[in-house]
Every structure is written in structure tokens, then in C-alpha cells.
> 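There's a structure below that I have some questions on.
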Amino acid sequence: MKQIILNILFSFLIFSFFGCIQKPNPPMAKFGILDSRDWNFDLYGNVPLNGEWEIHWKQWEPKEEQKPSYTKIPGNWTDFLGNKLPNGYATLRLKILVKENTKSFYLQNGVTRNAFRIQVGNETVYESGKIGFDSESEISNINIQTVSLPQVEKGFIDLRIQVSCFHYHVCGVATPYLLGTHDGINKSFFEATSRDILVFSSLGTLAFFHFVLFLFWRDEKTHLYFSFVCLLASIRILSIGETRLIYNYIPMGMYEFMVRVNGISFTLLYLSFVRYVKEVYPDKKYQYFYQMNYIAAVILIFGIPFPTQIYSKIQSYHLILSLLGLFTLLYPIIHGVMVKKPGARFFLFSLVSTMLLFSLDILTEFAKKGTAYLGQYGFLVFGLSQALFIADRMIQNFKNKEKLKQEKELALAEVRFKSAFLSTMSHEIRTPMNGILGMTQMFGQTNLTDEQKEYLSLIQFSGENLLLLVNDILDLTKLEAGKFELRLETIVLSKFLNDMVQLFRSKINIQYVNLELVTNTDLPKHIITDQRRFTQIISNLLGNAIKFTETGTISLIVWSDPIDSKKCKLNLQIKDTGIGIPNEKLKDLFQPFLQIHSHLSGKTNGTGLGLTITKKIVEEMSGKISVLSELGKGSVFHVEIPVSISNEEIPTNDSLPNQSFLKSDNWEINLAEKFPAKILIADDDSINLKVSKMFLKKLGYVALVAENGEKTLEVVEKENPDLILLDVQMPDIDGIQVTKQIRKNKNLKRQPIIIALTANVMEEERENCLSSGMDDFMTKPLLMQDLVYMIKKWSKGFD
């Protein structure tokens, strides 16, 4: 393959070399005369009529005896000293020497501003617009045509071009006139027209294709902006191409309108291109370059009200400004090449090639270089190169998406494994904890010596801390995995806050620490929020304040700021006079597993997760948390949470369901007399079974027991219990399947209340239990107060 490419390049170079040798340079006009007698039009093609032409300023009919001045064509018209002439009218004259008895010649005019008439001798052969002596009498028009010249009889062609220019800032002939045979001129005009149509259709096709791609990939706006660029570039070909196709079909007198249309279309093209580059390279460090180019693009719009002569001058200088703007866009593109961004080399090549051809257009615009307008070919090169760039970018994006998909699947697998692992570990830890804490509660009600009570207190304290650690890790895992769900409910705010304060007052020594609640009179009566999470926030913050405040005051200050009639911002301030936090430690305050107070207070109990979880919960509830603290003087935690205000009236005589361990004198030993029921305990763990049975015995119940799922179904069929405490994980038939079979059993006199009893506290487990037909959900370790609460809650179902 490499050898084939080298052979093709070598053949191309040989062909180009011999092509250059065989074709001589065309003749140039000198002192108003162009000698083409030695030029073979059939063999070498057309002759561009470049060089020195006579110029007769403000004359339509030159006088033969008058000494002529000369000007270079193509170029701005100048006097005999080379000074630029102002707007006006003149006759350009060229004597072309040809062989006698030569067949008819054809002429293709160049871009001549603003109106012109072509004459051979005194015979008019073509007129574009209407020449005049001033701007009122002139009707401007730009038209590229091929015309037949009269038969040559004297061995020369006396070519005269009468030009008037009052509607443009520079005057003269911008691109060359061509002289040739019928076949040569027609071929040249057809080729130029074909090139314009090719560029127009190619850019139009690219615009349509990428617009369709955008419809399929709405998130990929690169296609949309590139489509705009190609569409606007293709439309501009009709008015700025080699043959200026649109001028052949619009009425005469539309020149001034078209100048402004060209300016507006260029501004839109420029803006679309800058926006396209910004979409490809969106980094904020490039924003200054993009803003500069936006400003440069819209400057041209402000020139529209000016006369055409002034506006055209603004437009020409705006081209230079635009070119400078494009230079600034090279920075992000070159940087993209350096960091090996997909397709960046194609992007750089397309922009540089467009800028080079754009530069030639600017020179032609100021009549400094007599070439055909080439900017449209730059757009074609740009369009095709960008198509390659976008294709390369799409391929890389597809590869990246596939890689991200695989990484996402791997991450999801890790999350699932992590959740399964934590669920299993939670179950395995909570099962023995049920025995430890359960028996600790029972043992605490026996006659103990002071020394035994101290030992038992340490056992209970350690067990509670272990359980707290498990709960906190599970909470943090759910928050990080995005499985956090708010369960909104209406709560009575004042009662909720009072209950929370009363709960924590039981944990402090009121002789040394005062815990107070301060509320605003404008506080809403009912709010809608997640009560469990709201409790968790206040509990964590109050718990920390109590832990590190040995003397002084702890204040829970609550007020609200209205948002609208249905919402308000609830402000919670937990203020203490404790040991405070060093400034250098504040940044680590919400980091997991960091206990920044331990070296100050010596209190290391806790998981180091409370504040981390609190911060994440507050953020999930669309709120924010902040802290101010001074070492030795105390801390102030401030929480802001948006909540909805409810007009729903709810009863206020129920206390909070999950409070701390009930004291022994609060145990309702004769509960069975108040709420008689037949209770079945189904659990495969003998220790858990024994603990539950002892709890019920303490409450006055004689419990039925079942060690597995099969046995549970038999007892239910035979005894028809009122309440079932059902373990979810059993070896033969799990609790979910047992529940479904019980609910399908038509032989039962009445359906029992089924409460899940499980060591798995994941939210999915709760949903599975309730969806299977269970009535409620309890987690291990089973505590006496939870059991009492559950019996009371469902007592109406025992009748």
C-alpha cells in the first residue's frame, strides 16, 4: 500500500512538472497594449487581461490626442502617479494585438464595481447595471457573463470598459477579465459555475446530514452548530462565489440590499462558527476568546444604517478583524492537538486552510491581488475536514461510552456486592446482638449487686455502640449509593420539637447542663417532611452537643422564613457552651470516621459518622448545614431545610414511637390483660426464639413457637393466632413465602397480623416484606419497648 501511494505521488509530480514546462506564461499588458499574437488560444487556453490599462478619468469617450494615464488591472484605479482615485467614473482601455483573420473571440468579465459597459471600438457588447455620473444616476449591479466580441479585421481589439463607482469604498476591477475562443471561454465559465454549484451542494448536503444527526443525538449540539455553519456558508456561495450566481436572477437595483444581506449572513456565519468551536472546546479558560469573537462578529450589524459606500468599507475592515479573531481560536484548537483530543488535527488543518484562502479574499476585496474569490473553497475544505473531525470524534465518543458503560456495570456490580455484603453482615451481627441486648434487658430486672449492675451497664453500653456503628455504616452506604428516599408525612412541629428535647433531657445531668427549646411564634403548626430523617438530624446534633458539654447550656433554637404561601425555610440552631472546635479542624468536621474531639475530651465512643450522615441527609433534603465554633467556648450548628406547610389536622397525643430504653417501672407487666392475644413467634435461631419468648412472658403472654417455615404454617392452621412475629430468613421456607401462603389460605377464620422480624434493615427488605402481605416491620435486636409499641399499635386487629 505504501509503495502504491509513493508511485501515485511520483506520477503526480512528474505530470505537474511537464505541465509547467509545456505551458508558457500568458502575455501581460504594458502601457495599454497586450500582445497576444504569439499565444495559441486553442493549445494554451484563455489569456487573463492583466497589466497596465489606460485610464481616462471622468471621460466616457477618450480623446486620441490626450496623453493617457495607466492603472493596474485587476486593482484599484489610480492616476499616472499611482495615487488612488476616489469614487467617480472613468473609461478603462486596452489595445489587444491578435493575429489577422483570427476567428471570433469571447470575453468573460471580472468583478467590476459598480456598474460597467463593455465596448469594442464604439460598439457596446455588454452592460451590467446602469453607469452614471453620480450615485443617483448610477444603478449598481455585479454580473459575471461571457460575451462574444465582434469579428477582428485590423489585427487588434480596441477594448473599452466604461465604469462608474459610487456605491462602494474601493473602485476598479477586482478579478481578471479573460479573453479566449468560444470553447475556451465557455469552458472556463462552466468550470467556475460548476465549482460554485459543487461547493454549494456539498456544504448544503453536509448541513442537512449533520442536522439529521442532531435530531438523533439531541445531546450532541456539535452537529447542530456545524449544520448552521455549513448552511450559511453554502447560501453565501450564491452571492460571493466566482460567478455570483444570484445576481443573474435578481432584479437590477438590488445591489445595496445584497451588500447588507451579505454582511448579515457573514455575521451569522461567524457567530455560528465561534459557537461551534465553543461546543467542541467548552473549557472556561477559553471563554475570553469566545467573548472577543462574539463582540467582533456583531460589530458589523451596527454599520447597516450607514450608506452603502461607508457600510462596504466597514464590511471590508470587518473581514480583517474576523481573520484576527480566527487567529485567537487557534489557541484552544492547538491545545486540543497537544492534549491529543480526538480529531483535533483535522480541526486545526481545516481552520488554517480556511484562514489562508480567507486572507486571499481580503486581498482581493481591497484589490491588492487579482485572484478569483477563494473563500468558498476554504469553506469546502473546512466542511470536509470537519466532517472527518466529527466522524473521528463520534468514533472516540462511542468507544468512550462503551468504556463508561462497562465501568458503570462494574461499579453497579460492586455496589450490589457491597449492598449484599452489608445486608449479610448486618444480619449476622444483629442476630447475636438480639441475644446480647435482649438478655441484658431481662438480666437488668433481676436483683443485682452494685458491682454486677456496673458490669451489666458496660455490656449494654458496648452492645448499643456496636449496634450504632452498624446502623451508621448502613445509612452512609445507602446515601453514597443514591438509594436515599424521602418518606414525606405530616408532623406537628411544636410537639415534635418538645418530645425531642424531653427525650434528650433524660440523658443529661440537669444539675450541670440546661437543655432548652427556643421557638418563634410564627412557626408553622404542621409541616410535611421525612420524620425519621428529621429526627436523625436533630438527634445527631443534640447528641454531639450533650456529649461535649459538661456544664452550661444547650439550646435548640427554631424559626422559619417564608418562601411562599405553601413553603417555608425551617432554621434549626443547636448552640452549646461545650469544649468547641479548633479552627484548623473545622475542614475535617464532616469527614467520615474522624473524631476530632477525642484528643480534647478523651471521649472516643461513637462511630465518627454522625455529622457525615447528618450533612448528607440535609443536602438530600435540599438544605444546607454550617458551623461556627471557638475552642473552649462552644459551637453553633445551623441547619436550613425547605419544608412544605400542611393544613391537615392530625392527633397530637401520641408520643414518639422510637425512644430510648424504657425504664423498668414503665414496663407493662400486665399488658396481656389489657390486650389479650394469641401470639406466635417463628424464628429458626434458638437464642432469638428464647429472647422473644421471655419478653412476651414478662408482658404476661404465653407464646406459641415455630422453628421453621413448615412448622409455622402448621401452627397457623391449627391455632389461628392473632399476631405472628415472623423471621424473614428461615432455612426451608422464608418469611416472604410463608406470608403469601397464609394470605392465600381460605380455611383460616381470620387473617392474623403478621410483623416481619429480621436482622436485615435495608430499605429493599422492608418493601419486599410489606408488598408480600405483611402488616409491619421490626428489626433485630428486638427491644422490649418496640415489642410493647407494636402490640399496642395492632391491638385493634386482635378482636
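All of these numbers come straight from a predicted model, not from anything done at the bench. What you see below is based on every heavy atom in this structure, not just the backbone, and it leaves out hydrogens, waters and symmetry mates.
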> Quiz question: by atom type and distance under 3.5 Å, do the side chains of D134 and S137 form a donor-acceptor pair?
yes
> Going by heavy atoms in the side chains, are V47 and L34 under 4.5 Å from each other?
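Side chain of V47 against side chain of L34, heavy atoms only: contact under 4.5 Å found.
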> If we only count heavy atoms from C-beta on, is the W53 to R93 side-chain gap below 4.5 Å?
no
> Given Y255, which of N141, T308, N114 fulfils the side chain to side chain donor-acceptor pair (under 3.5 Å) condition?
N114
> Quick one: does L49's side chain get under 4.5 Å of L159's, heavy atoms only?
yes
> Does the side chain of Y281 come under 3.5 Å of the side chain of H335 through a donor N or O and an acceptor N or O?
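Y281 vs H335: no donor-acceptor pair found between side chains.
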> Has the side chain of T91 got a donor or acceptor atom that lies under 3.5 Å from a matching backbone atom of Q59?
yes
> Could I get the full list of ring-ring contact (aromatic ring centres under 6.0 Å, His included) partners for F289, not counting sequence neighbours?
Y331
> Taking S36 for its side chain and L97 for its backbone only, find out whether a donor-acceptor pair lies under 3.5 Å.
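Side chain of S36 to backbone of L97: a pair is present.
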> Which class fits the ring pair H223 and H210: parallel under 30°, tilted 30 to 60°, perpendicular over 60°?
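H223 vs H210 ring planes: parallel.
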> Is there a side-chain hydrogen bond (donor to acceptor under 3.5 Å, both in side chains) between Q151 and S104? Walk through the geometry before answering.
CA-CA 5 Å; Q151 186 71 32; S104 298; 3.1 Å; yes
> Supply the atom-to-atom distance H182 NE2 to L149 CG, rounded to the nearest 0.5 angstrom.
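Taking NE2 in H182 and CG in L149, the distance rounds to 12.0 Å.
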> Tell me, do W77 and C165 make a side-chain contact under 4.5 Å, heavy atoms counted?
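Yes, their side chains come closer than 4.5 Å.
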> Measuring from Y177:OH to I161:CD1, what's the distance to the nearest 0.5 Å?
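Here the rounded value is 3.5 Å.
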> When you check the side-chain N and O atoms of T328 and Y288, is any donor under 3.5 Å from an acceptor?
no
> When you look at Y294 and R275, which way does the side chain to side chain contact (heavy atoms under 4.5 Å, CB included) test go after all the steps?
CA-CA 9 Å; Y294 287 145; R275 189 64 186 83; 3.3 Å; yes
> Will you find, in the side chains of Q309 and N87, an N or O donor that is under 3.5 Å from an N or O acceptor?
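Yes.
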> Please report the interatomic distance NE2(H169) to CD1(I310), rounded to the nearest 0.5 Å.
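Answer for the NE2-CD1 pair, H169 versus I310, is 12.0 Å.
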> Evaluate the side chain to side chain contact (heavy atoms under 4.5 Å, CB included) criterion for residues I131 and Y89: first the C-alpha distance (whole Å), next the side-chain angles of each, then the deciding distance (0.1 Å), finally the verdict.
CA-CA 8 Å; I131 60 175; Y89 62 94; over 6 Å; no
> Between R160 and E54, is the closest basic N to carboxylate O distance under 4.0 Å?
no
> Where does the angle between the aromatic ring planes of Y70 and F31 fall among parallel (under 30°), tilted (30 to 60°) and perpendicular (over 60°)?
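The arrangement is perpendicular - the two ring planes meet at more than 60°.
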> Tell me if the aromatic rings of Y276 and F226 count as close, with their centers under 6.0 Å from one another.
yes
> Start with the C-alpha gap between H318 and F266, add the side-chain angles, then the distance that decides, and say whether ring pair (Phe, Tyr, Trp, His ring centres under 6.0 Å) holds.
CA-CA 10 Å; H318 185 260; F266 180 78; 5.7 Å; yes
> For the residue pair F228 and Y225, does the interplanar ring angle fall in the parallel (under 30°), tilted (30 to 60°) or perpendicular (over 60°) class?
perpendicular
> Taking the side chain from S188 and the backbone from G184, do they hold a donor-acceptor pair closer than 3.5 Å?
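Judged by distance alone, no pair lies under 3.5 Å.
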